[in-house]
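What's counted below: heavy atoms across the whole structure, side chains too, no hydrogens, waters or symmetry copies. Below, chains carry the letters A, B, ... as their sequence lines are ordered, and counting in each starts from 1.
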Protein chains: 4
Amino acid sequence: MSKKITRRKSIIQAAIEVFSEKDLQSASISEIAQKAGIANGTIYQYFKNKEDLFFSIPIEKTNEFRDQVQLHLEGITGVFNKIRKFVWYFLYFFKTNPEYGRLLMLELRVNKGFVKTETYNFLKQSVRSVWDIIEEGQKEGVIRTDVDIYVLRHLVLGILEHMVSRWLLKDAKYDILEHHQQVSQILIDALRSRTPDR
Amino acid sequence: MSKKITRRKSIIQAAIEVFSEKDLQSASISEIAQKAGIANGTIYQYFKNKEDLFFSIPIEKTNEFRDQVQLHLEGITGVFNKIRKFVWYFLYFFKTNPEYGRLLMLELRVNKGFVKTETYNFLKQSVRSVWDIIEEGQKEGVIRTDVDIYVLRHLVLGILEHMVSRWLLKDAKYDILEHHQQVSQILIDALRSRTPDR
Amino acid sequence: MSKKITRRKSIIQAAIEVFSEKDLQSASISEIAQKAGIANGTIYQYFKNKEDLFFSIPIEKTNEFRDQVQLHLEGITGVFNKIRKFVWYFLYFFKTNPEYGRLLMLELRVNKGFVKTETYNFLKQSVRSVWDIIEEGQKEGVIRTDVDIYVLRHLVLGILEHMVSRWLLKDAKYDILEHHQQVSQILIDALRSRTPDR
Amino acid sequence: MSKKITRRKSIIQAAIEVFSEKDLQSASISEIAQKAGIANGTIYQYFKNKEDLFFSIPIEKTNEFRDQVQLHLEGITGVFNKIRKFVWYFLYFFKTNPEYGRLLMLELRVNKGFVKTETYNFLKQSVRSVWDIIEEGQKEGVIRTDVDIYVLRHLVLGILEHMVSRWLLKDAKYDILEHHQQVSQILIDALRSRTPDR
DNA sequence: AATGAATGAGAATTCATTCAT
DNA sequence: AATGAATGAATTCTCATTCAT
């Protein structure tokens, strides 16, 4: 039983490595099988087909991301401090998982089939914390309520995903964490409740 | 002479239609040729190969976008008014060119090969106006200078591209222009120079 | 295990039949696959590509030729008798293997890529016996040493290959063995050490 | 009129250059047209199709070869001296025309279609001088008559063509004329009438 | 006569998936 | 469960040849 899970994981790990370099179509099952040290056919014992394997990859990583975000937010008080932490961890996570980042940002997030997947909804939950923080801030009165929450979310995820995507496309040559404080600051300035005089 | 240009354009138009539904690999030359009403081989008189055709698509559209942006900004005074106009036009352009949007946002902008392309640099020039506006605002003292301009750019393009991408992935079912004023407002609030008391 | 070898052989046999009629470019993989009774793709399990298959053909046949030459020379004494036997067997081999002959003489021996091949060196070894016989004769003093051995080899292989090539181009309509004794005789006269009075 | 001939010649010259590097199939009409500085379609004003052009090449060169052989044999007395001259000129001709040599020896002489061509018969006439010399020698009694004249011809052309072919396949890296005297000598020894005591 | 744009047939090769062992 | 040989569909691109100008 545990053996089965181990093997499944090893296939996924091999798939991440391969898919991070090539897209869904270019990556070959043989290459993944070879990297996992198993026969081609064996993959089909664990996954329905190539797309199924492709779409299964984010589940584990998503869990890791969500759990770590929770852990890092633990004990932090103040909505804006939480936002600073989230921004930092988001960038840090992809800095330390660039292969997965490539896969998620440049392949999956843009794949129409994936968006209709169960896994996609699961993935959305992982940034649930952004919602929670924003809502918390709105209740406390420090985050603006004059702008639709969807717009606020687009703002936060927009800048973060844009930064990560461009960074990956530039072969992760510079330090993505360099400006994390400026990013936090500008987001906070955008989200902050307007004072009456404005 | 003009005939050659016409034919080239008709191939590009057919390619936009096909590539907006299928990615570079899935789309077939035959399908494009058929849609353009020409023989397969003819495409190779105008483009080196499928990738070349794929990467050539944005050139025209980019020109159109850039020219229109200039036109729409004409006569507008005030940096923030210009930003409002740019936000509106950006969303409007993709609202009226969803097929090209799909191609650009979900295929090209994420394609590693494309980023190394001449066309990509050309494309970057098309959002040059954002830089110009920001710099103008900084000179006037109304846009903050305490944050790296790259971060500001990530902010503006991040939210806009994120909105367009998600909208397209949701099959353009809702009106992307709905929140354009809120988007402008929140961006302006983020970009605005901080007053001394903050 | 043996199955793999059998299949490989059956592909080669089909390839000989097809390549003897058409050259490397004109012959199609489909035709070979069909003749071998397998799927197109299967050929690529055994050979890297069409050229690889093409160049692999002579290996087996070369072994057969070399072994048979050895066998036929067995027990024959006298350098000139050996030459007579070699001449006869050379012509006899291609008389009984005209398809392979066409392939070897009219395609491979004239193919620049093949000459750079490992197989080509292997093939050269198969006529090694000519060298051995000549050297043996030179040691015994019955074969001339006043002419470079390369020239002697060009003489022997030149006439034999020329005869076989022309015979095949004439659709093997006459008996190539008809003049084998005259050929041997003239070669022996050419190779024989000159007597002092000449 | 003379213009037409000039253009035809320039096409043939371009074709020789192209065909000497690539075989009939690999060489392209476009390349020839480009090298000749004309449009693709123009070639079809002068030649029925690619094969026709290919097969037309030897005519001129054959004339040149035949005329030069005659010239070089002029004034030479003695059958064996004529053979020596022929051997020398044959090797010399290809030494100075390696591109044409490649085309003739490695492509045309091995092409089944060419053998059935009018040009092929024309080409055979060009080595007619070998026949003449041999027959002259037989009449004079210095060349053996105990061996079929076809065999004698295979001997002479066999060694010469073999030498040229191998030399070309080895990229003409060594001097093909180096051993011409030895070649003449061994041929003469082979052809010479046997003295009674042998 | 010359052009060269358009044609469209044609073939090698890849690779996800199956299934007998 | 694992294997890996076999499958065969599917597609890009080339290029000789034509023909309207």
In terms of heavy-atom contacts, A/A36 and A/I11 come closest through CB-CA, 4.4 Å
Rounded to whole Å, CD1 of C/I29 lies from C1' of E/dT14 at a distance of 13 Å
Comparing nearest nucleotides in DNA chain F, the 5'-proximal residue of the pair C/I38, B/Y44 is C/I38
Rounded to whole Å, the CD1-C1' distance (C/I5 to F/dA5) equals 15 Å
Rounded to whole Å, the CZ-P distance (C/F54 to E/dA12) equals 13 Å
Would you indicate what D/T42 reaches in the nucleic acid, counting non-hydrogen atoms under 4.0 angstrom: base, sugar-phosphate, or nothing?
base
Of C/S26 and B/A39, the one whose closest nucleotide on DNA chain E sits nearer the 5' end is B/A39
Closest to the side chain of D/K50, out of E/dT18, F/dT3, F/dT17, is F/dT17
Whichever of C/N40 and B/G41 has the more 5' nearest nucleotide on DNA chain E, that residue is B/G41
Taken to the nearest whole Å, CZ/A/F47 to P/E/dT18 is 16 Å
In terms of heavy-atom contacts, A/G101 and A/F94 come closest through CA-CD2, 3.5 Å
From CG of D/L24 across to P of F/dC15 the rounded distance in Å is 13 Å
- prompt: Between D/R7 and E/dA1, does any side-chain N or O lie under 4.0 Å from OP1 or OP2?
  reply: no
D/K48 NZ to F/dT18 C1', in whole Å, measures 16 Å
Q. Should the pair B/E31-B/K22 be classified as a salt bridge under the 4.0 Å nitrogen-to-oxygen rule?
A. yes
Self-check item: F/dA5 base / C/Q45 side chain donor-acceptor hit below 3.5 Å
Solution: no
Here the distance between atom P of E/dC15 and atom CD of A/E51, to the nearest Å, is 18 Å
When we call it a touch if two heavy atoms are under 4.0 Å apart, what does B/I43 touch: a base, just sugar-phosphate, or nothing? nothing
*Is it true that B/E99 and B/R102 have a side-chain N and a carboxylate O under 4.0 angstrom from each other?*
no
Paired to E/dG10 by Watson-Crick or G-U wobble criteria (both distances under 3.5 Å) is F/dC13
How would you label the contact of B/Y46 with the nucleic acid (heavy atoms, under 4.0 Å): base, sugar-phosphate, or nothing?
sugar-phosphate
Paired to F/dA20 by Watson-Crick or G-U wobble criteria (both distances under 3.5 Å) is E/dT3
Pair A/I32-A/F19, side chain to side chain contact (heavy atoms under 4.5 Å, CB included): steps then yes or no = CA-CA 9 Å; A/I32 295 168; A/F19 281 129; 4.0 Å; yes
- Message: Mind checking if B/A27 touches a base, just sugar-phosphate, or nothing, with heavy atoms under 4.0 Å?
- Response: sugar-phosphate
In whole angstroms, the gap separating C1' of E/dA11 from CG of C/D23 amounts to 14 Å
